[in-house]
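Read the structure below first, then the notes.
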Amino acid sequence: MTADEIRSLIAAGLPCDHLEVGGDGRHWNAVVVSSAFEGKRLIQRHQMVYATLGRRIHDDTVHALSMKTLTPAEWQAARGR
């Protein structure tokens with residue numbers, strides 16, 4: 001998997017206001033900003049992102065994904081705006 005492939009999968013499954021994906025080909029990190037996270041707990045947000053990856057997260061195609069999941073308001077606040 002590449003960062004672009006992971007980014008495409010997440011974007012296809014979630015409406016994203018902002019999406020960053022990076023990593024070394026095995027261990028990945030992502031910043032996902034989506035209004036779909038409104039009212040959701042952190043674990044629910046992560047489950048939503050994992051769901052976009054489907055079998056790839058279960059068959060070890062994507063070995064590890066560390067993520068920050070934020071609503072648009074949280075993203076703006078984190079950026080100091």
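Numbers here are sequence positions counted from 1.
- Of the inter-residue distances, the one linking T2 atom OG1 with R7 atom CZ reads 8.0 Å to the nearest 0.5 angstrom.
- Side-chain contact check for E38 versus P72: some heavy-atom pair is nearer than 4.5 Å.
- Side-chain contact annotation: T61 with D59, donor-acceptor N/O pair under 3.5 Å present.
- Connection of V32 to L53 is established within a shared hydrophobic cluster, with ILVMFWY side chains joined at heavy-atom distances below 4.5 Å, either directly or through further cluster members.
- A donor-acceptor contact shorter than 3.5 Å is absent between the side chain of T71 and the backbone of F37.
- Residues V21 and W28 share a closest heavy-atom pair of CG1-CE3, 4.1 Å.
- R26 and D60 are joined by a salt bridge, as a carboxylate oxygen and a charged side-chain nitrogen come within less than 4.0 angstrom of each other.
- A distance of 10.5 Å separates CG in L65 from CE in M1, rounded to the nearest 0.5 Å.
- Taking a cutoff of 4.0 Å between a charged side-chain nitrogen and a carboxylate oxygen, R79 and E74 do not qualify as a salt bridge.
- Between P15 and S34, the shortest heavy-atom distance links the atoms O-OG, 2.5 Å.
- In this structure, V31 and L19 have side chains that are not in contact, with every pair of non-hydrogen atoms separated by 4.5 Å or more.
- In the hydrophobic cluster analysis, where Ile, Leu, Val, Met, Phe, Trp and Tyr join through side-chain heavy atoms closer than 4.5 angstrom, I10 is grouped apart from V33.
- Under the 4.5 Å side-chain contact rule for hydrophobic residues, L14 and I6 share a cluster.
- Looking at Q44, its side chain does come within 3.5 Å of a backbone N or O of R41 through a donor-acceptor pair.
- M67 and L70 fall into different hydrophobic clusters, where Ile, Leu, Val, Met, Phe, Trp and Tyr residues are linked whenever their side-chain heavy atoms come under 4.5 Å apart, directly or through other members.
- Closest approach of E20 and W75 over heavy atoms only: OE2-CH2, 3.9 Å.
- R45 places a side-chain N or O within donor-acceptor distance of the main-chain N or O of T69, the cut-off being under 3.5 Å.
- With values rounded to the nearest 0.5 angstrom, H63 atom NE2 is found 4.0 Å from H27 atom NE2.
- Atom CG of residue L9 and atom CD of residue E5 lie 7.5 Å apart, to the nearest 0.5 angstrom.
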